[in-house]
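Presented below is the structure to which this report refers.
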Amino acid sequence: YTHMLARLVHGYMTLSPATRDAVLKAHPGLRGKPFAWFRHPAYRDVLREESVASDTREKLGVRPGQVLISAIGMLRAYKGIDELLTVFGQAARNDWRLLIAGRPGMRSLYDEIQHRVAGHPSVIMDVRELSDDELANYVGFGSAGGAVQGLSPFRLAHLCGERGAHGVD
């Protein structure tokens, strides 16, 4: 899956300059692509007890051991949600789930996402304004069985547009 996604990106960022080598080792398709890093603060208030993480996974229908790939926050066209859906549809295995959660920037994007995922049993949609607690629960529930990948397959070397109410764009 990630090797296919690496072909679609124009560049990438890491949260530390020290992680670039590890990223390139894991994703060699990124070699030669523009690179930047920025220090990301620790969101200690997003950490959740394992019981909350387990409850959130259960509420979403994600079984322990299932891989959950997520795109959480403001859903905007430049973030490449359509590419994410394409690659997920081509690469997903039976034990993979995709969570798309947040408020879409435009109604047309919402309609496109809904159309693309209609009838796809592995995709979980929660497309609306999320409360601070809901956002924190989605971001922080990775500890309860199964790998979690938070993705934003941006189309361009473009950081953020308008920041959402939660500081997640």
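Proximity of a side-chain donor or acceptor of Arg20 to a complementary backbone N or O of Trp37 within less than 3.5 Å is not detected. The main-chain N or O of Ala22 is never found under 3.5 Å from a side-chain atom of Thr19 such that the two would form a donor-acceptor pair.
For Asp111 and Arg107, the salt-bridge test passes: some basic side-chain N is under 4.0 Å from an acidic carboxylate O.
The two residues Ala71 and Leu84 have their closest heavy-atom pair at CB-CD2, 3.8 Å. Scanning both residues, His10 and Pro34, for their nearest heavy atoms gives O-CD, 2.8 Å.
Within the 4.5 Å cutoff, the side chain of Lys25 has no heavy atoms near those of the Val23 side chain. The shortest distance between side-chain heavy atoms of Arg116 and Thr86 falls below 4.5 Å. Between His27 and Tyr12 there is no side-chain heavy-atom pair separated by less than 4.5 Å. Contact check for Thr14 versus Phe35: side-chain heavy atoms found under the 4.5 Å cut-off. Looking at Leu85 and Ile100, their side chains come closer than 4.5 Å, going by heavy atoms from C-beta outward.
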For this session: Evaluate side-chain contact (heavy atoms from CB on, under 4.5 Å) for Glu58 paired with Thr56, printing each intermediate quantity in order.
Result: CA-CA 5 Å; Glu58 185 176 325; Thr56 301; over 6 Å; no

For this session: Any chance you could lay out the side-chain contact (heavy atoms from CB on, under 4.5 Å) test for Val62 and Ile124, step after step, and finish with the verdict?
Result: CA-CA 9 Å; Val62 178; Ile124 304 162; 3.6 Å; yes

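Interatomic distance, Ile72 CD1 to Asp126 CG, rounded to the nearest 0.5 Å: 10.0 Å. In this structure, CG on Leu68 lies 7.5 Å from CG on Leu98, to the nearest 0.5 angstrom. Here Arg103 contributes atom CZ and Leu75 contributes atom CG; the two are 9.5 Å apart, rounded to the nearest 0.5 Å. Distance check, rounded to the nearest 0.5 Å: CZ of Arg97 to CZ of Arg57 gives 10.0 Å.
Under the 3.5 Å distance criterion, with hydrogens and angles disregarded, a donor-acceptor pair is assigned to the side chains of Tyr110 and Gln114.
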